[in-house]
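First comes the structure, then the notes that go with it.
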There are 2 protein chains.
Amino acid sequence: MAKHKTKIPQIIIRRLPVYYKILKQLKSSSKDYVSSQDLAKLTGFSSSLIRKDLSYFGTFGRKSYGYDICCLFNQIGQIMGFDKQKNLIIIGAGHLGRALAYNRGYQERGYNLKAVFDKNSKLIGEKINNLKVRDINDLEKYLGNTPILVAALTIDNNAAQKITDRLIAAGIKAIWNFTNVSLKTPAEVLVEDQIINQGLCHLSCKLKQNDCLEFH
Amino acid sequence: MAKHKTKIPQIIIRRLPVYYKILKQLKSSSKDYVSSQDLAKLTGFSSSLIRKDLSYFGTFGRKSYGYDICCLFNQIGQIMGFDKQKNLIIIGAGHLGRALAYNRGYQERGYNLKAVFDKNSKLIGEKINNLKVRDINDLEKYLGNTPILVAALTIDNNAAQKITDRLIAAGIKAIWNFTNVSLKTPAEVLVEDQIINQGLCHLSCKLKQNDCLEFH
DNA sequence: TTTACTTTGTTAAAAAAATAACATACTTTA
DNA sequence: TAAAGTATGTTATTTTTTTAACAAAGTAAA
């Protein structure tokens, strides 16, 4: 299926989830096929770019028809590795950690949320979406018994690096970082920084450019 | 302060929040100045790119010293319009809406969280971070009395477009969209899609490329 | 004061990304 | 079966973005 052995350009990786999202919506529509032009309207990318992106991975379209929605959806899922199972834990059972625990969308992406940890004894033992909050002191013991690939970090900034070091020592391969700390990790451990306020930054920036911020 | 009248390239807008985040961390360090090389290490961008990005907005550096951390932090905040006040409401008091209600980081970006709405009568009246959850039926009345620029949308997908239409009719200028729906809005209303699982998609994609997904 | 060093801001060059254009292949209709 | 129409996949072109290079300006040390 993979047409290229070379690394997928970051810029394409960033668009894949957008295609995936749109295709998921289209799946529940009455149509079976979608053209690059339709996708252009829905994504805001040009049809040319969309065809080019998709052709990077193979030949999915059907001339004069477009792309089979279901087929393309599955293909893009596979390209992103959603067909492979990945265990996930959440560190930090605060408001954000809790919201992530209730997040739907893990399963279809191949993620299995296995545990939630916190240091606060008041929270330990509480059930969040059917998962018992575990004691952060038991982290190493747990990771020794259960192979976990990814950890979501929703803890205080000042604890972020320390917990990261422990996670790495225990063999975690990737961190979904919701803290405001720039984590130091070895090159082989992936970090995905999720700047929660990024969207607000963009909006503020664009509102300013549109002169929406003058009097209010 | 603004050097250019032309629109800031999207690609630079995307990097501004990263600079902002790093500078905020640096502010609480002992150093007063930071060089583009230091910033390169912290951001992962090249020092050349950083100098170019910053020079797009003006001349902030000091030769052979680098950039005054506090000064640059404030400048970038201003460039993004954080010095202008923006009222914000949250639609949807579920787990995610709740997490957003507790989000710190509004104030320093010039956002004032003014209200939270929900349709669920069990939630209406409840206090979340000192804000009483309001009845979504009162949305128009509220917006008629209070000027609100931005609405965060943390509701079910199937209600998303309907609520969006109401928000737009009531004069909202920007939507921070956490739903999985591609919202249809007039060109002058900004939409910032926050695909909550985007980070997981990227991680899955990269883990796959690093051959971390084979056996597990 | 002079020399060596540092780091910016900017220009030039290279690389990457996006767009436009179009030949090809398939579909539909007559 | 032929003609008209559609939409892909790919190549060529343009545009954007990034990197590299360096002069200019300031600092620090001798």
Side-chain angles (χ1 to χ4, degrees), chain A residues 1-4 6-19 22-23 26 31-73 75-76 79 202 205 209, chain B residues 1-4 6-19 22-23 26 31-73 75-76 79 202 205 209:
Chain A
M1 182 219 65
K3 196 172 153 192
H4 297 253
T6 52
K7 239 175 45 176
I8 308 170
Q10 179 68 30
I11 196 94
I12 297 187
I13 292 186
R14 268 210 301 260
R15 284 191 292 262
L16 290 177
V18 180
Y19 296 132
I22 299 282
L23 287 165
L26 286 170
K31 291 169 64 180
D32 290 328
Y33 284 83
V34 65
S35 69
S36 59
Q37 232 175 94
D38 296 340
L39 284 173
K41 265 185 212 119
L42 292 163
T43 59
F45 312 146
S46 78
S47 64
S48 190
L49 178 60
I50 291 168
R51 289 201 300 282
K52 207 153 190 236
D53 276 356
L54 297 180
S55 78
Y56 183 88
F57 300 104
T59 303
F60 304 124
R62 189 171 155 193
K63 292 239 163 82
S64 99
Y65 257 74
Y67 301 90
D68 181 304
I69 290 169
C70 280
C71 172
L72 189 58
F73 175 79
Q75 289 282 359
I76 290 181
I79 290 164
H202 293 175
C205 209
Q209 291 199 69
Chain B
M1 182 217 64
K3 196 171 153 193
H4 297 252
T6 52
K7 239 176 43 177
I8 308 170
Q10 179 67 31
I11 196 91
I12 297 186
I13 292 186
R14 268 210 302 260
R15 283 191 292 261
L16 289 178
V18 180
Y19 296 133
I22 299 281
L23 287 164
L26 287 170
K31 290 171 62 181
D32 289 329
Y33 284 84
V34 65
S35 70
S36 59
Q37 232 174 95
D38 297 339
L39 284 173
K41 267 186 212 118
L42 292 164
T43 59
F45 312 146
S46 78
S47 64
S48 190
L49 179 59
I50 291 168
R51 288 201 301 280
K52 203 144 193 244
D53 276 355
L54 298 180
S55 79
Y56 184 88
F57 300 104
T59 302
F60 304 124
R62 190 173 153 193
K63 292 239 163 82
S64 97
Y65 258 74
Y67 300 90
D68 181 305
I69 290 169
C70 280
C71 172
L72 189 58
F73 175 79
Q75 289 283 0
I76 290 182
I79 289 164
H202 292 175
C205 210
Q209 292 199 68

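First the proteins, then the strands, lettered A, B, ... as listed; each starts at 1.
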Distance check needed: [N] [atom2] versus [X] [atom1], whole Å only.
X: Gln10(B); N: dA18(C); atom1: CD; atom2: P; result: 12 Å
X: Phe45(A); N: dT19(C); atom1: CZ; atom2: P; result: 10 Å
X: Phe60(A); N: dC26(C); atom1: CZ; atom2: P; result: 18 Å
X: Arg14(B); N: dT17(D); atom1: CZ; atom2: C1'; result: 12 Å
X: Lys52(B); N: dA14(C); atom1: NZ; atom2: C1'; result: 12 Å
X: Leu49(B); N: dT7(C); atom1: CG; atom2: P; result: 19 Å
X: Ile11(A); N: dA16(C); atom1: CD1; atom2: P; result: 13 Å
X: Phe57(A); N: dT10(D); atom1: CZ; atom2: C1'; result: 16 Å

Side-chain N or O of [X] versus OP1/OP2 of [N]: is the shortest distance under 4.0 Å?
X: Ser46(B); N: dT18(D); answer: no
X: Arg15(A); N: dA17(C); answer: no
X: Ser36(A); N: dT8(D); answer: yes

Partners of [X] by side chain to side chain contact (heavy atoms under 4.5 Å, CB included), sequence neighbours excluded?
X: Ile69(B); value: Leu23(B), Leu26(B), Lys27(B), Lys31(B), Val34(B)
X: Asp68(A); value: Tyr33(A), Cys70(A), Cys71(A)
X: Ser46(B); value: Ser48(B), Leu49(B)
X: Ser35(A); value: Gln37(A), Asp38(A)

Next item on the list: Check side-chain hydrogen bond (donor to acceptor under 3.5 Å, both in side chains) between Arg15(B) and all other residues, then give those that pass, not counting sequence neighbours.
Entry: Asp53(B)
Margin query: According to side-chain hydrogen bond (donor to acceptor under 3.5 Å, both in side chains), who are the partners of Ser36(A), at least two apart in sequence or on a separate chain?
Written below: Arg51(A)
Next item on the list: Could you pull out all residues at least two apart from Tyr19(B) that satisfy ring pair (Phe, Tyr, Trp, His ring centres under 6.0 Å)?
Entry: Phe45(B)
Checklist line | Pairwise distance NZ(Lys52(B)) to CD1(Ile12(B)) - rounded to 0.5 angstrom | finding: 8.5 Å
Margin query: Could you measure the distance from the CD atom of Gln75(B) to the CG atom of Leu54(B)? Nearest 0.5 Å is fine.
Written below: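 Going from the CD atom of Gln75(B) to the CG atom of Leu54(B) covers 10.0 Å.
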Short N/O separations, protein against nucleotides 21-26 of chain D, under 3.5 angstrom:
from	atom 1	to	atom 2	distance (Å)
dA21(D)	N6	Arg51(B)	NH2	3.4

Margin query: Over the length of the helix from dT1(C)-dA30(D) to dA30(C)-dT1(D), how much do the five-pair end axes diverge, rounded to 10 degrees?
Written below: 10°
Checklist line | Nearest to side-chain heavy atoms of Tyr67(B), which nucleotide of dT19(D), dT8(D), dT8(C) | finding: dT8(C)
